[in-house]
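See below for the structure under consideration.
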Amino acid sequence: MAHNLSPLQQALAAWTEQWKEQPQMRLYRLQESWSEVVGKILAKKSFIGQYEGATVTVLADNSVWLNELFIQREKIVKKLAARFPEYTITDLKFRTGRRAQQTPKKAAEKREQEHIPALTAAQKEEVAAFFAAVSDPTLQQSLIHLRERQLALELARREAGFVPCTICQQLTDAVDGICEMCKLRAQAQERHAVTRYLKKHPAASYRDVIAAVGTSESMYAQARQYLIYRTLDHIYHRVETAAEQVMLASLLTGIEPRELTEDHVHNLLAKFARKAEDK
């Protein structure tokens with residue numbers, strides 16, 4: 001069957017086989033199967049909160065449902081062990097507790113879901129075919145569900161006027177057509193370029209930096225402040241290098257490093273050294 005799969009599907013199959021054994025995925029698979037193990041009524045009043053070693057911890061809404069779970073304890077252990085033999089589940093722990101309250105973000109997502117268009121049969125078949133390589137049925141259904149929801153959300157957002165980001169093609173409602181992630185990534189790259197330039201030219205003014213790498217005044221101030229505070233932190237912890245001392249002195253005074261004498265640097269940074277000693 002593997003020779004009929006695309007390279008992406010083969011990689012997905014290998015990834016899911018490896019990922020499903022991770023603790024987070026094991027817990028997720030247990031939680032997803034809970035209603036099938038104990039029934040829909042009991043599943044509404046309880047949930048799996050933790051899986052560690054051979055023990056599963058179950059939380060119930062109150063002592064009444066906790067008692068019902070305890071009565072069915074052996075039966076539940078056998079069902080879980082039969083469904084997930086590789087987990088070697090031998091024990092259940094019970095305590096009262098409720099699921100986390102719905103956050104405003106989740107409430108908004110739920111309202112958004114009410115207006116999500118339904119996928120066509122062809123779209124659903126395409127999604128199912130893509131995940132056909134996943135051998136674990138529980139994981140396969142979860143992946144299919146997530147992908148179908150993603151596609152439906154994309155349709156809803158396109159109908160609402162979202163357009164592909166001009167850089168990464170992710171849907172966005174930004175007026176300039178650039179999504180927030182791409183803007184943040186561009187800012188990080190710009191900050192890195194400015195910081196790298198100031199390391200080499202600590203006495204550079206804003207005009208020098210903008211002529212060399214092109215940036216905003218606020219980004220110049222951020223990069224300069226970052227270098228100053230990072231070097232001060234090294235001084236306080238007594239791990240600074242001689243080069244960092246010269247760079248800091250140059251950043252603070254605007255004097256070129258080659259024009260700074262050893263005594264000048266020492267006297268300028270003496271107060272920071274004293275703070276480190278007091279610390």
Side-chain angles (χ1 to χ4, degrees), residues 1-48 51 79-80 82-87 99-175 177-182:
M1 177 180 178
H3 64 275
N4 293 324
L5 303 176
S6 69
L8 180 59
Q9 288 177 308
Q10 292 180 31
L12 175 65
W15 176 82
T16 52
E17 287 299 315
Q18 179 181 8
W19 175 245
K20 73 178 184 180
E21 298 306 320
Q22 297 297 315
Q24 303 97 316
M25 183 54 72
R26 286 193 170 198
L27 176 61
Y28 174 75
R29 293 176 71 202
L30 287 168
Q31 291 171 334
E32 285 291 293
S33 66
W34 186 236
S35 62
E36 298 178 14
V37 172
V38 298
K40 293 183 178 179
I41 295 177
L42 196 52
K44 288 182 179 180
K45 302 298 181 181
S46 63
F47 66 99
I48 294 177
Y51 164 68
K79 282 190 174 183
L80 288 173
R83 183 179 286 269
F84 305 102
E86 68 275 20
Y87 293 6
R99 294 176 177 84
Q101 294 294 319
Q102 191 177 53
T103 63
K105 181 179 179 181
K106 289 184 177 180
E109 289 177 349
K110 185 175 181 180
R111 289 194 299 272
E112 184 183 33
Q113 189 175 16
E114 295 174 357
H115 306 288
I116 294 177
L119 297 181
T120 64
Q123 289 171 323
K124 290 185 176 182
E125 288 177 3
E126 184 179 352
V127 172
F130 183 81
F131 291 108
V134 180
S135 59
D136 184 273
T138 303
L139 182 58
Q140 183 188 62
Q141 288 304 312
S142 298
L143 291 171
I144 289 174
H145 172 74
L146 289 173
R147 180 54 182 159
E148 287 181 348
R149 174 173 170 78
Q150 182 185 31
L151 286 175
L153 283 171
E154 287 179 4
L155 290 174
R157 286 168 180 165
R158 287 181 184 276
E159 290 178 0
F162 283 60
V163 296
C165 170
T166 57
I167 298 175
C168 70
Q169 301 304 307
Q170 293 292 324
L171 293 178
T172 179
D173 60 349
V175 177
I178 301 176
C179 70
E180 289 302 315
M181 286 303 299
C182 285

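When a residue number appears, it is its place in the shown sequence, counting from 1. Heavy-atom basis, side chains included; hydrogens, waters and symmetry copies ignored. All of these numbers come straight from a predicted model, not from anything done at the bench.
- Atoms CD1 and OG, on I41 and S46 in that order, are 11.5 Å from each other to the nearest 0.5 Å.
- Across all their heavy atoms, C168 and C179 have their closest contact at SG-SG, 3.6 Å.
- For the side chain to side chain donor-acceptor pair (under 3.5 Å) test, residues two or more places apart in sequence or in another chain that qualify with Q150 are R147.
- The side chain to side chain contact (heavy atoms under 4.5 Å, CB included) test applied to I167 returns C165, I178, C182, not counting sequence neighbours.
- Shown here are the ring-ring contact (aromatic ring centres under 6.0 Å, His included) partners of Y51, two or more places apart in sequence or in another chain: Y87.
- Among residues at least two apart or in separate chains, salt bridge (Lys or Arg N to Asp or Glu O under 4.0 Å) pairs with a member in residues 30-47 are E36-R83.
- Atom CH2 in W34 sits 10.0 Å away from atom NZ in K79 (nearest 0.5 Å).
- In terms of heavy-atom proximity, S33 sits nearest to F84 at OG-CE1, 3.4 Å.
- To the nearest 0.5 Å, atom CZ of residue R158 and atom CG of residue L171 are 4.5 Å apart.
- The salt bridge (charged side-chain N to carboxylate O under 4.0 Å, His left out) check on E148 picks up nothing, with sequence neighbours excluded.
- Counting non-hydrogen atoms of other residues, nucleotides and ligands closer than 6.0 Å to CG of L146 gives a total above 12.
- For the pair F131/V127, a side-chain contact is recorded, criterion being any heavy-atom separation below 4.5 Å from C-beta on.
- With a 4.5 Å cut-off on side-chain heavy atoms, V134 and I144 do not count as touching.
- Here the closest heavy-atom approach between residue L30 and residue I48 is recorded as O-CD1, 3.6 Å.
- For the side chain to side chain donor-acceptor pair (under 3.5 Å) condition, no pair includes a residue of residues 163-173, sequence neighbours left out.
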